[in-house]
Amino acid sequence: MVGKIRRLVLDTLKPMEPNIIEMANSLSTLSGVSAVNISIAEIDLKVENAKITIEGDDLNYNEVKDIIEDMGGSIHSIDEVVAGKMIIDDAATLQD
Amino acid sequence: MVGKIRRLVLDTLKPMEPNIIEMANSLSTLSGVSAVNISIAEIDLKVENAKITIEGDDLNYNEVKDIIEDMGGSIHSIDEVVAGKMIIDDAATLQD
Amino acid sequence: MVGKIRRLVLDTLKPMEPNIIEMANSLSTLSGVSAVNISIAEIDLKVENAKITIEGDDLNYNEVKDIIEDMGGSIHSIDEVVAGKMIIDDAATLQD
Amino acid sequence: MVGKIRRLVLDTLKPMEPNIIEMANSLSTLSGVSAVNISIAEIDLKVENAKITIEGDDLNYNEVKDIIEDMGGSIHSIDEVVAGKMIIDDAATLQD
Amino acid sequence: MVGKIRRLVLDTLKPMEPNIIEMANSLSTLSGVSAVNISIAEIDLKVENAKITIEGDDLNYNEVKDIIEDMGGSIHSIDEVVAGKMIIDDAATLQD
Amino acid sequence: MVGKIRRLVLDTLKPMEPNIIEMANSLSTLSGVSAVNISIAEIDLKVENAKITIEGDDLNYNEVKDIIEDMGGSIHSIDEVVAGKMIIDDAATLQD
Amino acid sequence: MVGKIRRLVLDTLKPMEPNIIEMANSLSTLSGVSAVNISIAEIDLKVENAKITIEGDDLNYNEVKDIIEDMGGSIHSIDEVVAGKMIIDDAATLQD
């Protein structure tokens, strides 16, 4: 049985153009996607470090990756993944 | 298929006049806009650094940009964009 | 089309008298005002630095300004404005 | 038209007796008062610095003041007032 | 007219025995009490500094005091009292 | 009249085996227990410092203590107890 | 009577491949699992430190452990366990 990916949080690097509006737009039209939040962590001269949060009921990582790379971006790391019947946050523990 | 932009967060620089009431007013009448929040980060003698949060069901960035520029302002950066069927915040991760 | 101002946050300086009860009272009776919160940031000998938050469905800045000035106060800055169909806070971003 | 005071936050100094239970009790029976919270900020030998939060639908400051003074207390400052149709907190802004 | 005490927060010192389970149990059976929270701030060799939060619809301070003292404890200070028709917290202000 | 214990928060020391899954399992089957949260504060070579939060409608401390001790653990301190008709947290005050 | 494990929070070390999407996917298909959150705490050259939060109505630790180990990972510690009829967080106390 294959699970359903509900949330992806990606740390990415992308060129200034196309801008994050176009990238959010494209990502949001992928099947299984409910919403996309792109938040800029840092901006250098030609590139920006973007944190991408995607939520939905059946996300496809490879399709997401293709769009980001087609727009000249690269995924630096997958910071969080949520799978299953619903979205949960990581539980705060005394170790954090 | 074109996605729907639900939230824009812009870092802008604007002259003291027209003030942020007039700018918020104008931006709020754009089609697809539900609400506009303009919060002042810093004030210098002649300019103010304004953080503009716009939420709605189908935002048009170029129309927003035109209004800001018509009022003598400039968009320093697009800090956050949300697209899709609803608004989500970026998910807090252990990397933040 | 004219938008509707839903929230105003003002940084003001006012004499100790009349006190903030009278000022809140007067501001709250303006048409379009639902509620007024006046919170004191600092008190000097003769003046107090008051943060005024006004919320409603159709605020008129000039009427607000008149009342504050009639009571001997002055608006140091307009710190936040919200316009549109509802009140939203500024969206916290990684840049804050 | 006279507005309605919905919340008062007072910084007061009071003798140890009568204690804050008696003061809260008396204040809570004033007409227009829904609830009274008295929280002690500091205690010296003979006096205590009490923060008094009063909420209701039509607060009368002078009646409040009389009760506090009848019990040997004094109002050091009025820190917050809310007037209008409902209670709102001050809106957090980038200036805070 | 006598008001109703809805919440009491007491700073107390008590011997290790009887423990806070017995004290919470006894306090919770007083008329007018809905719930009792006893949280330990500090433990020394023979005594513990306990913060006691009691909520209900008509608390009787003297009955509370008797139980604490009958169990060898003492009330160091009354840190917060709420009276009236409901429980409210102290309102956070810019002065805090 | 005997009150009902609704929450217990215990600071405990336990050997690595049996692990906290077995301990949580056993504690959760005690009558009157709704849920058990065991969160690890610190781990040494052979022992771990576990914070145990137990909630329910009629907790029996001695039964809890027996299970912990049967599994080689010891209760270092009872950090919080809630008794009565419902669970309340300690009320944050200006003294905290 | 055997209790039901409702939440597991594990501190794990895993090789970069397979990535956390595959691991979350596999874990989410285990019986009794509602959702899985894998959040990356740290990344080294070849391994990543992953915090795994699993929630459901009847979690089986050994099945979870098998999947993590089959994918080349190891459980460094069990940081939190919740058992019983529902999920509760650890109660914040004055000791934390």
Side-chain angles (χ1 to χ4, degrees), chain F residues 5-12 14 16-45 47-57 59 64 67 71 76-82 87-93 95-96, chain G residues 1-13 27 30-37 39 41-42 49-69 73-96:
Chain F
I5 303 297
R6 300 276 171 175
R7 175 195 283 168
L8 284 170
V9 182
L10 310 174
D11 182 38
T12 71
K14 62 177 283 303
M16 297 307 285
E17 293 302 329
N19 65 28
I20 57 175
I21 294 172
E22 291 167 73
M23 187 174 275
N25 228 331
S26 299
L27 289 169
S28 72
T29 58
L30 286 173
S31 91
V33 172
S34 302
V36 178
N37 176 306
I38 303 183
S39 202
I40 298 301
E42 270 180 70
I43 298 178
D44 285 332
L45 272 180
V47 290
E48 50 190 359
N49 172 205
K51 174 182 177 183
I52 301 181
T53 303
I54 306 174
E55 293 187 2
D57 48 25
L59 306 180
V64 168
I67 284 186
M71 291 184 154
H76 171 254
S77 62
I78 305 170
D79 289 347
E80 182 169 299
V81 174
V82 180
I87 291 176
I88 60 170
D89 291 326
D90 68 296
T93 68
Q95 303 290 320
D96 296 338
Chain G
M1 201 181 95
V2 177
K4 304 256 187 201
I5 302 296
R6 300 276 171 176
R7 174 195 282 168
L8 283 171
V9 183
L10 311 174
D11 183 37
T12 70
L13 214 55
L27 289 169
L30 286 172
S31 92
V33 172
S34 302
V36 178
N37 176 305
S39 202
E42 271 180 70
N49 173 204
K51 174 183 177 182
I52 301 181
T53 302
I54 306 174
E55 292 186 3
D57 47 25
D58 191 9
L59 306 180
N60 181 315
Y61 175 65
N62 291 321
E63 290 181 4
V64 167
K65 191 162 176 275
D66 289 346
I67 284 186
I68 291 169
E69 290 176 352
S74 64
I75 296 174
H76 171 254
S77 62
I78 306 170
D79 289 348
E80 181 170 298
V81 175
V82 180
K85 302 184 184 79
M86 63 204 183
I87 291 176
I88 60 169
D89 291 325
D90 68 296
T93 68
L94 301 176
Q95 304 290 321
D96 297 337

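Order of the sequence lines fixes the chain letters, A, B, ..., with proteins taken first and strands second; residue numbering starts at 1 for each chain. From a predicted model like this one, the values you see are computed outputs, not experimental measurements.
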List the atom pairs, donor and acceptor, that lie under 3.5 Å between side-chain atoms in residues 79-87 of chain G and the rest of the protein, sequence neighbours left out.
{"residue": "Asp79(G)", "atom": "OD1", "partner": "Ser77(G)", "partner atom": "OG", "Å": "2.7"}
{"residue": "Glu80(G)", "atom": "OE1", "partner": "Ser39(F)", "partner atom": "OG", "Å": "3.1"}
{"residue": "Glu80(G)", "atom": "OE2", "partner": "Asn37(F)", "partner atom": "ND2", "Å": "3.1"}
{"residue": "Glu80(G)", "atom": "OE2", "partner": "Arg7(G)", "partner atom": "NH1", "Å": "2.8"}
{"residue": "Lys85(G)", "atom": "NZ", "partner": "Val33(F)", "partner atom": "O", "Å": "2.9"}

_Over all atoms of both residues, closest heavy-atom pair of Ile40(F) and Ile78(G)_ = CG1-O, 3.4 Å

*Are the side chain of Lys4(G) and the backbone of Ser28(F) linked by a donor-acceptor contact shorter than 3.5 Å?*
no

*Do other residues, nucleotides or ligands put more than 12 heavy atoms under 6.0 Å from Glu42(F) CD?*
no

*For Ile43(F), is it the side chain, the backbone, both or neither that has a heavy atom under 4.5 Å from a heavy atom of chain G?*
side chain

*Looking at Leu59(G), Asp90(G), Ile5(G), Thr93(G), which makes the most heavy-atom pairs under 4.5 Å with chain F?*
Asp90(G)

*For chain F, find which of Asp96(G), Leu8(G), Val9(G) contributes the most heavy-atom pairs closer than 4.5 angstrom.*
Asp96(G)

